[in-house]
Undergrad: 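Below: one structure in structure tokens.
Below, chains carry the letters A, B, ... as their sequence lines are ordered, and counting in each starts from 1. Below, all heavy atoms of this structure are taken into account, side chains as well, without hydrogens, waters or symmetry copies.
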Number of protein chains: 2
Amino acid sequence: MPSRLIVSRELADLFRLFAHGDRLRLIEDLRGGEKDVTGIAQSLDLPATRVSQHLALLRAQRLVEERRDGRNHFYRLAHPHLADWVLDALPFIDIRQRLEDADHIDTARALWGVADRNPH
Amino acid sequence: MPSRLIVSRELADLFRLFAHGDRLRLIEDLRGGEKDVTGIAQSLDLPATRVSQHLALLRAQRLVEERRDGRNHFYRLAHPHLADWVLDALPFIDIRQRLEDADHIDTARALWGVADRNPH
DNA sequence: TGCAAACCTTCTGACTTTTGCAGATATTGG
DNA sequence: CCAATATCTGCAAAAGTCAGAAGGTTTGCA
């Protein structure tokens, strides 16, 4: 009977995992395929230790999968379309705040290799 | 140039807004259309004051829109498909934990009036 | 008119809990 | 031993939750 409560709480936990800019960038960084920790750390410009901590959180929820090759650990998205789903949230960002931001959104979409879904 | 950073931070703020079970239930509650605060409070079993506070947060991000009729305030989703997008996250919930949870997910989907996308 | 009740919002303030992050240490492979 | 990661510890900061009080409107009604 309290299924709504249970599921909404689990969903909330999931969303909290995405409530961190670096983790979102990490997910988008894996859009292209697997990558090792050092590689991720470089492209996100973060210390490898921090990246490893973020990955541990994502791994705990089975959002990423690991493959070891020698001393390198390669990670990939467990659900390839997770990155797409995240970007689907872009339309929900409040546009009102400085039009400048709209440009940032388009630019980011382009940088992340996603076709602009809202051309004008 | 730091578009990725800016956008990922805004997205993270958005996700943080969804990182609360009651707010998620509220969004799903508006799936069927507009509803007034008292009505929402009743179906969520929360004090109206709390509901109003949640609505204030969602309104600040333009996620809900308000319509006043007499002393009642009716709210609706600014983006009708927001509720769908939220439920699209269900597949990302870790299934491993007690199969029991899978049932809860199906049940919740049914309760929220969404066709089961993963029949077996 | 006036007043009370209904509906809702906002402010205040404290409280709990989380969480981000650094630095140290452990582990595994070359 | 070095490189690449993972995990542990601990804290400081932040953030968010929530209850209760108080304020605004609108409606109903005497």
Undergrad: Whole Å only: how far is the CG atom of B:Leu17 from the P atom of D:dA15?
TA: 14 Å
Undergrad: Under 4.0 Å: is that the gap between some side-chain N or O of A:Arg68 and OP1 or OP2 of C:dG29?
TA: no
Undergrad: Please classify the nucleic acid contact of A:Tyr75 as base, sugar-phosphate, or nothing, using heavy-atom distances under 4.0 Å.
TA: sugar-phosphate
Undergrad: Which residues pass the side-chain contact (heavy atoms from CB on, under 4.5 Å) test with B:Arg9, sequence neighbours left out?
TA: B:Leu5
Undergrad: Quick one: on DNA chain D, does A:Arg71 or A:Leu55 contact a more 5' nucleotide (nearest heavy atom)?
TA: A:Arg71
Undergrad: Rounded to whole Å, please give me the gap between CD1 in B:Ile40 and C1' in C:dC7.
TA: 13 Å
Undergrad: Could you check whether the rings of A:Phe18 and A:Phe15 sit parallel, tilted or perpendicular, using 30° and 60° as the cut-offs?
TA: perpendicular
Undergrad: Once you round it to whole Å, what is the distance between P of C:dT17 and NE2 of B:His20?
TA: 14 Å
Undergrad: Considering only side-chain heavy atoms of A:His73, which listed nucleotide, C:dT9, C:dC11, D:dA6, is closest?
TA: D:dA6
Undergrad: Which of the following nucleotides, D:dA6, D:dA21, C:dA22, is nearest to the side chain of A:Ser52?
TA: D:dA6
Undergrad: Could you give the CG-to-C1' distance, from B:Leu58 to D:dG16, as a whole number of Å?
TA: 14 Å
Undergrad: Would B:Glu65 and B:Arg67 count as a salt bridge (charged side-chain N to carboxylate O under 4.0 Å, His left out) here? Give the steps.
TA: CA-CA 7 Å; B:Glu65 288 168 352; B:Arg67 178 180 72 86; over 6 Å; no
Undergrad: Among the candidates C:dT10, C:dT9, D:dA6, find the nucleotide nearest to the side-chain atoms of B:Glu66.
TA: C:dT9
Undergrad: I need the minimum non-hydrogen distance between B:Arg62 and B:His79, along with the two atoms involved.
TA: O-NE2, 4.3 Å
Undergrad: Identify, between A:Thr49 and A:Asp69, the residue whose nearest nucleotide on DNA chain C lies closer to the 5' end.
TA: A:Thr49
Undergrad: Provide, to the nearest angstrom, the distance between the CG atom belonging to A:Asp13 and the C1' atom belonging to C:dT17.
TA: 13 Å
Undergrad: Rounded to the Å, how far apart are B:Asp36 CG and D:dT25 P?
TA: 20 Å
Undergrad: Please tell me which of the listed nucleotides, C:dT9, D:dC8, C:dC7, lies nearest to the side chain of B:Asn72?
TA: C:dC7
Undergrad: Among D:dT17, C:dA22, D:dT5, which is the nearest nucleotide to the side chain of B:Arg23?
TA: D:dT17
Undergrad: Among side-chain atoms of B:Tyr75 and B:Arg59, is any donor-acceptor pair under 3.5 angstrom?
TA: yes
Undergrad: Report the distance from atom CG of B:Leu57 to atom P of C:dT9, rounded to the nearest whole Å.
TA: 12 Å
Undergrad: Taking the side chain of A:Gln53 as its heavy atoms from C-beta onward, which of D:dT7, D:dG16, D:dA6 lies nearest to it?
TA: D:dT7
Undergrad: Rounded to whole Å, please give me the gap between CG in A:Asp22 and P in C:dA22.
TA: 11 Å
Undergrad: Check this one for me: any side-chain N or O of B:Arg59 less than 4.0 Å away from OP1 or OP2 of C:dT10?
TA: yes
